[in-house]
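Report on one structure; see the data block that follows.
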Amino acid sequence: MDQNIEVKKQSVRRTRRSFLVAAAGAAGGYGFYRWIDRADEDQLLQEPLRKALNVNAALAKTVFDERALAPTYNVSESRELRVNGNYGLKQALVPGSYRLQVVGMENAKAHPKYVNDVTAWDYQYVAEEGKYEGHDTKVAPKAEDPAPNILPAFAKAMDEYKKAQGSKPPRGQEEAGKSDSTLETGTGGLLLTMDDVTRLPRHEMVTQFKCIEGWSEIVHWGGVRLADFIAAYPPAKNAQGELPKYVYMETPNGDYYCGYNLKECMHPQSTLVTEMAGKPMEQFHGAPLRLHMPIKYGYKQIKRIGLIAYTDDKPDDYWTKLGYDWYAGL
Ligand SMILES: Nc1nc2c(c(=O)[nH]1)N[C@H]1C(S)=C(S)[C@@H](COP(=O)(O)O)O[C@H]1N2
Ligand SMILES: [Mo]
């Protein structure tokens with residue numbers, strides 16, 4: 001079919017490109033990727049990448065330097081990704097209850113999917129717990145830990161907070177706690193369905209996934225480009241007439257969350273993933289929607305995205321709260 005031919009063409013092109021990049025690296029004595037690794041980390045975005053993306057700040061015309069692409073591989077080199085990290089995924093989501101919240105979009109109120117309070121959306125979960133356990137890196141509390149001394153005033157505040165939450169459990173139930181970037185009740189935005197996402201052009205890609213724990217795997221991904229999503233649901237400009245600097249994402253229950261520079265989200269390989277290894281993605285890998293960013297470590301590749309928010313405030317990040325680098329670039 002047409003789509004297959006197109007995919008094939010693209011993968012031939014990509015393979016050739018990977019080969020050229022590898023050859024250039026070998027000829028230079030240093031791998032190209034080693035060279036970008038050494039660029040000044042203070043810049044947040046690695047220098048060559050930053051330069052490439054700065055060529056044109058206008059969203060629709062973002063020019064990208066191909067040399068900064070992560071290497072791509074043949075599908076035959078890929079394998080099924082292991083499951084690692086289950087924060088925000090411990091209960092199975094009822095697929096029909098999924099919505100993607102989008103906050104900070106330009107002219108959002110005029111969009112047919114606009115609602116006055118995206119936080120009011122009720123995600124439904126399958127009752128039985130423990131089915132989607134996977135690997136939990138949280139350390140169990142020691143038996144000798146003293147019981148916390150909860151002050152009555154604190155307990156009262158907590159009660160009121162829970163009441164305000166209604167039937168919803170409190171957000172941020174894992175070790176890092178609640179995100180500083182979690183939305184205030186009453187935040188307006190879009191509530192999209194998966195159809196609103198998958199109607200964007202579909203792409204496939206075979207890239208390496210790297211976890212900071214020291215393992216990596218070559219994975220075959222399918223989904224839509226985050227850049228295409230951002231073009232379809234563009235961010236509102238700030239008071240200075242500029243695009244917001246950051247993008248914030250979190251799971252529907254707020255237990256896992258990540259922040260990114262908008263420019264990294266515009267990278268052509270930053271992908272909103274719906275398929276892995278040629279099949280619809282499983283919930284423990286983040287279905288219906290997870291992020292793959294081959295320019296970043298795995299902990300930035302959030303599974304089960306419930307919210308995409310554009311913001312000028314540097315977003316909170318689950319693993320940064322526990323001492324890991326916010327940027328996490330490769
Ligand atoms: N919601 C959520 N996303 C997450 C995590 C998590 O615990 N919860 N762990 C991260 C880490 S550290 C890794 S290595 C990858 C693992 O993705 P996988 O389970 O598909 O291999 O997911 C990332 N995204
Ligand atoms: Mo990881």
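Every number for a ligand or one of its atoms is a count from 1 in the order of the listing.
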* Geometric cation-pi criterion, Lys303 with Tyr256: 6.0 Å, 45° -> no

* Asked: Taking the six-membered ring of Trp326 as reference, does the NZ or CZ atom of Lys321 fall below 6.0 Å from its centre and within a 45° cone about the axis?
  -> no

* Could you say whether the N/O atoms of Thr251 and ligand 1 ever approach to under 3.5 Å? => no

* To do: Return a yes/no value for Arg82: is any of its N or O atoms, backbone included, closer than 3.5 angstrom to an N or O of ligand 1?
  => yes

* To do: Could you tell me whether Tyr310 and Tyr246 have their ring centroids closer than 6.0 angstrom?
  => no

* **Pair listing, salt bridge (Lys or Arg N to Asp or Glu O under 4.0 Å) test, anchored in residues 266-285, at least two apart** => Glu80-Lys279, Arg202-Glu275

If you count the atoms of ligand 1 from 1 in the order shown, which ones are under 4.0 Å from a heavy atom of [X]?
{"X": "Gly298", "value": "10 (C), 11 (C), 13 (C), 15 (C), 22 (O), 23 (C)"}
{"X": "Cys211", "value": "14 (S)"}
{"X": "His285", "value": "18 (P), 19 (O), 20 (O)"}
{"X": "Tyr87", "value": "1 (N), 2 (C), 6 (C), 7 (O), 8 (N)"}

* **Of His292, Arg290, Lys210, the residue whose pairing with Gln301 passes side chain to side chain donor-acceptor pair (under 3.5 Å)** => His292

* To do: Flag the pair Lys178 and Asp316 as a salt bridge only when some basic side-chain nitrogen lies within less than 4.0 angstrom of an acidic carboxylate oxygen.
  => no

* ring pair (Phe, Tyr, Trp, His ring centres under 6.0 Å) with Phe209: which residues, sequence neighbours excluded? -> Trp215

Please confirm whether [X] approaches ligand 1 to less than 4.0 Å, judged on its heavy atoms.
{"X": "Gly88", "answer": "no"}
{"X": "Gln301", "answer": "yes"}
{"X": "Arg290", "answer": "yes"}

* Structure fact -> Of Tyr299, Phe209, Tyr324, Trp319, the one whose closest heavy atom lies nearest atom 15 (C) of ligand 1 is Phe209

* Between Glu213 and ligand 1, which part of the residue brings a heavy atom under 4.0 Å of the ligand: side chain, backbone, both or neither? -> neither

* Asked: Can you check whether Thr185's main-chain N or O pairs, donor with acceptor, with Thr187's side chain at less than 3.5 Å?
  -> no

